[in-house]
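This report concerns only the one structure given below.
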Amino acid sequence: GKTIACLRGHQGNIGCVAFSPNGKYLATGSWDNTVILWNTENWQVLFRLEGHRKRVEGIAFDPKSEMLATASWDQSVKIWSVENGNEISKQNDLGYPLTSVAFLNNEKEIAVGAWDNTIKIVDFKTGYVIRNLEGHFGKVLAVKISPDGKYLASGSEDMLAKIWDL
């Protein structure tokens, strides 16, 4: 393939990218502590999302393409409105730097990979950690939810990919 767009706007390395399920948006997370939401029709900036204090390492859209979750080394997760770029909710101080994030299909929970070797299931409406999935022996670097919402896959510095029954 050939390059169709070169998107400039961050002042640091881009560590994570995600397309929305409806294909209308691209989100980029950067080591400059920001997220940019791009319009995929013309590749213009829709919103520059600021609020993290350290680099953004995880980014994910909800299944309806209405919300964007961001996970950062500042130990926080933020949920943003795709419609207006406003912060909807946040969970500060999850105890460790965060590396990845994914929406569960129930429209109220997210899975977050962390440096404490766990996956945290967080109710993003209340901000509470509902449970910790333990079993990795290294930092959890990646989390994804299966399309049917039944499983969570995680990848870790322990060189293992694990499948979790939700």
Side-chain angles (χ1 to χ4, degrees), residues 9-18 20 25 27-37 46-145 149 151-166:
H10 286 290
Q11 301 302 311
N13 295 344
I14 296 171
C16 51
V17 297
S20 62
Y25 311 105
T28 55
S30 174
W31 292 8
D32 67 6
N33 311 340
T34 68
V35 174
I36 297 179
L37 188 62
L46 290 171
F47 303 108
R48 183 179 185 86
L49 309 176
E50 299 180 353
H52 283 293
R53 296 179 321 278
K54 292 187 179 176
R55 65 205 241 181
V56 177
E57 281 290 319
I59 198 162
F61 286 93
D62 76 305
K64 294 181 179 178
S65 302
E66 296 172 351
M67 296 179 285
L68 179 71
T70 58
S72 170
W73 279 19
D74 67 7
Q75 304 177 19
S76 76
V77 177
K78 297 182 182 293
I79 308 294
W80 311 84
S81 167
V82 171
E83 181 182 359
N84 58 28
N86 291 336
E87 185 179 296
I88 297 170
S89 72
K90 64 183 171 187
Q91 171 60 40
N92 288 323
D93 196 20
L94 285 170
Y96 293 86
L98 307 175
T99 59
S100 52
V101 63
F103 278 91
L104 276 65
N105 289 356
N106 63 12
E107 299 183 19
K108 67 175 195 157
E109 296 171 351
I110 52 175
V112 185
W115 276 20
D116 67 347
N117 309 345
T118 69
I119 299 120
K120 300 174 185 315
I121 306 298
V122 179
D123 181 326
F124 65 82
K125 295 187 184 220
T126 66
Y128 292 114
V129 176
I130 297 167
R131 62 187 162 153
N132 282 309
L133 302 179
E134 298 176 353
H136 279 292
F137 297 99
K139 297 171 188 168
V140 176
L141 302 177
V143 295
K144 294 289 181 194
I145 305 298
Y151 305 104
L152 180 144
S154 61
S156 168
E157 285 186 347
D158 63 11
M159 297 177 283
L160 295 174
K162 292 193 175 217
I163 310 300
W164 308 80
D165 185 355
L166 295 174

TODO: Considering non-hydrogen atoms only, spot the tightest contact between W164 and E134 and give its length.
DONE: CH2-O, 3.3 Å

Task: Atom of A69, atom of I79 and distance for their closest heavy-atom approach - done: CB-CD1, 3.6 Å

- [ ] Indicate the atoms forming the closest heavy-atom contact of K120 with L94, along with that distance.
- [x] CE-O, 3.5 Å

Open item on the list: In the structure I gave you, are the side-chain heavy atoms of I14 and V17 within less than 4.5 Å of one another anywhere?
Closed with: yes

- [ ] Indicate the atoms forming the closest heavy-atom contact of P63 with N105, along with that distance.
- [x] CG-OD1, 3.8 Å

Open item on the list: Please check this pair: side chain of N33 against backbone of R53, looking for a donor-acceptor N/O pair closer than 3.5 Å.
Closed with: yes

TODO: Mind listing the closest non-hydrogen atom pair of L104 and I110 along with its distance?
DONE: CD1-C, 3.7 Å

Task: I36: partners by side-chain contact (heavy atoms from CB on, under 4.5 Å), with sequence neighbours left out - done: H10, T28, W38, V45, R48

Open item on the list: If you take the centroid of each ring, where Trp contributes its six-membered ring, are W31 and W73 closer together than 6.0 Å?
Closed with: no

Task: N/O donor-acceptor pair under 3.5 Å between S89 side chain and F124 backbone - done: yes

Open item on the list: Can you tell me how the ring of Y25 sits relative to the ring of F61, calling it parallel under 30°, perpendicular over 60° and tilted otherwise?
Closed with: parallel

- [ ] Search all heavy atoms of I121 against all heavy atoms of E109 and return the closest pair with its distance.
- [x] CG2-OE1, 3.9 Å

Task: Partners passing side-chain hydrogen bond (donor to acceptor under 3.5 Å, both in side chains) against S30 (at least two apart in sequence or in another chain) - done: D32

